[in-house]
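Please read the structure below before turning to the comments.
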Amino acid sequence: MPRLLGVDIPGNKKVPFALRYIYGIGPTLADQLVAETGLDPDARAHTLSEEELNKVAEAIVAKGILVEGDLRREGSANLKRLLAIQCYRGIRHRRGLPVRGQRTQTNARTRKGKRKTTSTIKKK
């Protein structure tokens, strides 16, 4: 298994597909990296030499692409900022409700969790 930027990428897959195993690199970016570094898109990842792996890593760093830990850290920092300034989105995150305007009267079970039955007692 080749190791790239601290991530083991599967050696039996073609290079553009193997690069997608790095958090922050999707299909388009993987294809761009393969084209820029001059790698054969049909080659398997285990056939890459150390020089070729270094080329890909340098291309990622040169483009200023955030991957793996840095990208996860930035995402969590953004969420903490929303919670700290107590904006609408931050409050929705804190309460575990949908953030982007979805309806909650019916649906939204993924965010809200299992139904909690509330009793309605009628008084005479």
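- Between A108 and P98, the closest heavy-atom pair is CB-CG, 3.6 Å.
- For A18 against P10, the heavy-atom pair with the smallest separation is CB-O, 3.7 Å.
- Across all their heavy atoms, Y21 and K13 have their closest contact at OH-CE, 2.9 Å.
- By the 4.5 Å heavy-atom criterion applied to side chains, H46 and M1 are not counted as neighbours.
- Proximity of R20 to P27: side-chain heavy atoms (C-beta onward) are separated by under 4.5 Å at one or more points.
- Nearest heavy-atom pair, K112 versus N107, reported as atom, atom and distance to 0.1 Å: CD-O, 4.3 Å.
- No chain of hydrophobic side-chain contacts below 4.5 Å, direct or via other Ile, Leu, Val, Met, Phe, Trp or Tyr residues, connects V61 to V56.
- Within a 6.0 Å radius of CD in Q102, more than 12 heavy atoms belonging to other residues, nucleotides or ligands are found.
- Heavy atoms from other residues, nucleotides or ligands lying under 6.0 Å from NZ of K80 number 12 at most.
- The environment of CZ in R109 is crowded: more than 12 heavy-atom neighbours from other residues, nucleotides or ligands sit within 6.0 Å.
- Put simply, CG on L79 and CZ on R89 are 9.0 Å apart, with the number rounded to the nearest 0.5 Å.
- Going from atom CD1 of I22 over to atom CG of D8 covers 10.5 Å, rounded to the nearest 0.5 Å.
- Note on I60: it clusters hydrophobically with V7, by side-chain heavy-atom contacts below 4.5 Å among ILVMFWY residues.
- Contact detail for L83 and G90: the closest heavy-atom pair is CD2-O, 3.1 Å.
- Using a 4.5 Å cut-off on side-chain heavy atoms (C-beta onward), K63 and L29 make contact.
- Judged by distance alone, with hydrogens and angles left aside, the side-chain atoms of R92 form no donor-acceptor pair with the main-chain N or O of L97 at under 3.5 Å.
- For the residue pair A59 and E36, the shortest heavy atom distance occurs at CB-OE1, 4.5 Å.
- Between the CG atom of L48 and the OG1 atom of T37 there is a distance of 8.5 Å, given to the nearest 0.5 Å.
- Residues F17 and L5 fall into different hydrophobic clusters, defined by Ile, Leu, Val, Met, Phe, Trp and Tyr side chains chained together at heavy-atom separations under 4.5 Å.
- No continuous path of hydrophobic side-chain contacts links I25 to L71 [ILVMFWY only; heavy atoms under 4.5 Å].
- In this structure a side-chain-to-backbone donor-acceptor pair under 3.5 Å is present from E52 to S49.
- Here the straight-line distance linking atom CZ of R111 with atom CZ of R95 works out to 12.5 Å at 0.5 Å rounding.
- Put simply, the side chain of R73 reaches to within 4.5 Å of the side chain of D70, judged on heavy atoms.
- D42 CG to K14 NZ: the interatomic distance, rounded to the nearest 0.5 Å, is 4.5 Å.
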